[in-house]
Amino acid sequence: MMLPMPSGRGGGTSIGSVYGLGVFSGAASACCAPVLADVAALSGAASSFPAAAAVGVAYVFGMVAPLCALALAWDRKNWGASRLLAATTIPIGPGARWRLPVGTVLSSGLMIAIGVLTVVLAVQGPGMAPDGWQVELAAALGHWAAVIQQFLAFIPG
């Protein structure tokens, strides 16, 4: 499978290039680390090796299946070569001296919007107020989780 590269040339097809892509993707997606830590903890707390393996497989499948489906659909529909993403350009800059593809402009705008939202939320103060509906909701969810856990306590593991 050829991977798209910024230079316009296809990516490598060797095991090493695919492994490198996985390593880079893992490093770039640091938001997955807390979930991975939870999966490791759940796997360690499982009552048997098959249960621990099932937790790990479910995690990997949950992370990879949507990406695989999107990649297959992208490849089958050839969306990368569509007129909207590649052929249609938008003039940018003073006097419209640069022309960028629509996909690049849309993704850039999305990244800028996320950055602005992050800064706005960061300067507004703590994300969780010391009182109010969020605290009440968290307490109610904690209570119901404990009630459900006690109700299901007869299930081993």
Side-chain angles (χ1 to χ4, degrees), residues 1-46 52-142 144-145 148:
M1 176 169 47
M2 299 296 286
L3 301 174
M5 301 301 283
S7 66
R9 297 179 299 137
T13 58
S14 69
I15 296 291
S17 66
V18 174
Y19 178 77
L21 176 66
V23 168
F24 177 76
S25 298
S29 61
C31 62
C32 298
V35 176
L36 181 58
D38 290 343
V39 168
L42 286 173
S43 294
V55 169
V57 167
Y59 169 74
V60 170
F61 183 77
M63 293 294 286
V64 173
L67 297 175
C68 185
L70 180 62
L72 289 172
W74 184 279
D75 192 41
R76 179 167 297 197
K77 301 288 186 183
N78 199 15
W79 288 336
S82 70
R83 285 187 339 155
L84 177 64
L85 294 179
T88 307
T89 59
I90 296 176
I92 303 288
R97 20 188 276 207
W98 299 297
R99 297 189 69 80
L100 294 175
V102 172
T104 302
V105 173
L106 291 175
S107 62
S108 300
L110 181 62
M111 291 300 287
I112 290 169
I114 290 171
V116 168
L117 180 63
T118 301
V119 170
V120 167
L121 292 175
V123 298
Q124 282 188 341
M128 185 76 171
D131 59 354
W133 70 270
Q134 292 175 333
V135 174
E136 292 174 15
L137 178 62
L141 289 174
W144 285 108
I148 292 170

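This chain uses plain numbering: 1 for the first residue, then up along the sequence. Owing to the predicted nature of the structure, the values given are computational and were not obtained by experimental measurement.
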Just list the side-chain donor-acceptor pairs under 3.5 Å for residues 112-120, sequence neighbours left out, or say none.
from	atom 1	to	atom 2	distance (Å)
Thr118	OG1	Ile114	O	2.8

Only pairs under 3.5 Å count here: list side-chain donor-acceptor contacts from residues 39-46, not counting sequence neighbours, and write none if there are none.
from	atom 1	to	atom 2	distance (Å)
Ser43	OG	Val39	O	2.9
Ser43	OG	Ala52	O	3.4

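Not counting sequence neighbours, the partners of Val105 by the side chain to side chain contact (heavy atoms under 4.5 Å, CB included) test are Ile90, Ile92, Leu100. Every residue two or more places apart in sequence or in another chain that forms a side chain to side chain contact (heavy atoms under 4.5 Å, CB included) with Pro94 is listed here: Trp98.
If you take CG on Leu70 and CG on Asp75, they are separated by 11.0 Å, rounding to the nearest 0.5 Å.
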